[in-house]
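First up is the structure itself, then whatever we jot down about it.
When a ligand or atom number is given, it counts from 1 through the structure's own listing order. Index from 1, following the sequence.
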Amino acid sequence: MERPADRLALLAQPAVLSAVRTQLGWDIEYHERIGSTQDRARALAAAHAPLIVVADEQTAGKGRHGSAWIAPAGSSLLASWAMRWPVAPSGAIALLAGVAVARALEALGARGASLKWPNDVQLRERKVAGVLADATSGDPEGSSLVLGIGVNVRQRELPGELADRATSLALEGLELDRLALLARVTAEIERVARSDAERAQALDEWRRRAPMLGREVSVVRVDGPRITGVARSLGDDGALVLETAGGPQRILAGEVTIER
Ligand code: BTN
């Protein structure tokens with residue numbers, strides 16, 4: 001079957017870029033190739049937010065904890081949204097963005113998008129998207145925030161080491177236009193940013209979409225030992241609350257594996 005057209009690269013045409021800017025209500029910078037949309041959006045955030053930096057390819061894409069985010073040219077949605085954020089940034093922001101991505105994927109036809117703490121969006125318990133959240137500053141008007149999102153869209157195969165823990169929309173049978181996905185994710189980010197009530201609702205949705213809650217997990221913390229316990233709940237600040245042999249523990253950063 002022929003793949004539907006992918007229109008993202010049309011953003012290289014000034015007339016299309018201008019029409020999409022008007023339609024989405026965000027300034028947009030499109031790059032055929034860039035080091036990292038996240039670096040670029042962070043550099044522009046203070047003076048130019050709200051702004052989306054989007055690229056067809058990244059040569060130095062960043063994942064969490066300094067890891068690389070690798071995606072072949074033309075395969076993925078690679079974008080960073082620089083915006084004013086209405087309240088003090090907390091650890092919950094990457095989780096809210098995860099809910100926005102899950103909602104966007106389902107609105108466009110994916111089924112059963114789930115969330116893995118802190119920032120993975122999954123289909124069939126395989127990672128299809130990741131979120132990086134960088135809060136840049138605080139001032140009386142609110143803080144600047146840069147949300148970087150990578151979605152595996154058109155990959156027909158993934159490198160061997162990722163094949164059993166990651167996936168793409170194409171591998172899940174969903175052929176999507178990355179421009180349509182950009183528009184939908186943008187609308188869903190706006191929704192979770194809109195009000196305290198929307199944020200509270202989105203965090204509740206995160207809890208409902210998280211199969212890890214109630215299961216035994218182990219967590220490797222950035223600067224601490226591995227701990228195991230039952231993932232009991234998610235705090236309003238985005239902390240994962242584990243019930244361990246030594247009592248409850250709140251985890252603010254780390255990598256989680258579901259054990260049972
Ligand atoms: C993760 O480790 O799961 C987060 C990955 C975030 C990747 C995206 S791709 C667009 C933006 N630019 C980057 O360099 N990283 C983020």
Q) Gln38 heavy atoms, cut-off 4.0 Å: which ligand 1 atoms fall inside? A) 12 (N), 13 (C), 14 (O)
**Q.** Protein contact of atom 3 (O) of ligand 1 - nearest heavy atom, named by residue and atom, plus distance
**A.** Lys127 NZ, 2.6 Å
Q: Starting from atom 7 (C) of ligand 1, find the nearest protein heavy-atom neighbour and note its residue, name and distance.
A: Lys62 O, 3.4 Å
Q.
Once you restrict to heavy atoms under 4.0 Å, what part of Ala79 touches ligand 1? Side chain, backbone, both or neither.
A. backbone
Q: Dump the intermediate steps for salt bridge (charged side-chain N to carboxylate O under 4.0 Å, His left out) on Arg207 and Asp204, then the final yes or no.
A: CA-CA 5 Å; Arg207 295 174 179 109; Asp204 276 344; 2.8 Å; yes
Q: Among all protein heavy atoms, pick the one closest to atom 11 (C) of ligand 1 and tell me residue, atom and distance.
A: Thr37 OG1, 3.2 Å
**Q.** For Val131, atoms of ligand 1 separated by under 4.0 Å from a heavy atom
**A.** 4 (C)
Q. Is it true that Glu205 and Arg103 have a side-chain N and a carboxylate O under 4.0 angstrom from each other?
A. yes
**Q.** For Gln13, side chain to side chain donor-acceptor pair (under 3.5 Å) partners two or more places apart
**A.** none
Q.
Does only the side chain of Asp39 get under 4.0 Å from ligand 1, or the backbone, or both, or neither? Count heavy atoms.
A. neither
Q | salt_bridge(Glu106, Arg111) N-O dist < 4.0 Å | A | no
Q. By number and element, which atoms of ligand 1 are closer than 4.0 Å to a non-hydrogen atom of Gly61?
A. 14 (O)
Q.
Can you tell whether the side chains of Arg156 and Glu175 come within less than 4.0 Å, N to carboxylate O?
A. yes
Q) Are any of the side-chain nitrogens in Arg126 or Asp164 under 4.0 Å away from the carboxylate oxygens of its partner? A) no
Q.
I want to know if ligand 1 touches Ser36 in the polar sense, i.e. an N/O pair below 3.5 angstrom.
A. yes
Q: Report the nearest protein non-hydrogen atom to atom 5 (C) of ligand 1: residue, atom name, distance rounded to 0.1 Å.
A: Trp69 CE3, 3.3 Å
Q | Minimum non-hydrogen distance to atom 2 (O) of ligand 1, winning option of His65, Arg42, Arg64, Glu255 | A | Arg64
Q: Identify, by atom number and element, the atoms of ligand 1 in contact range of Asn119, meaning under 4.0 Å from any of its heavy atoms.
A: 1 (C), 3 (O), 4 (C)
(Q) Salt bridge check, Arg184 against Glu190: does any charged N sit closer than 4.0 Å to a carboxylate O? (A) no
Q. Is the shortest side-chain N to carboxylate O distance from Arg33 to Asp56 below 4.0 Å?
A. no
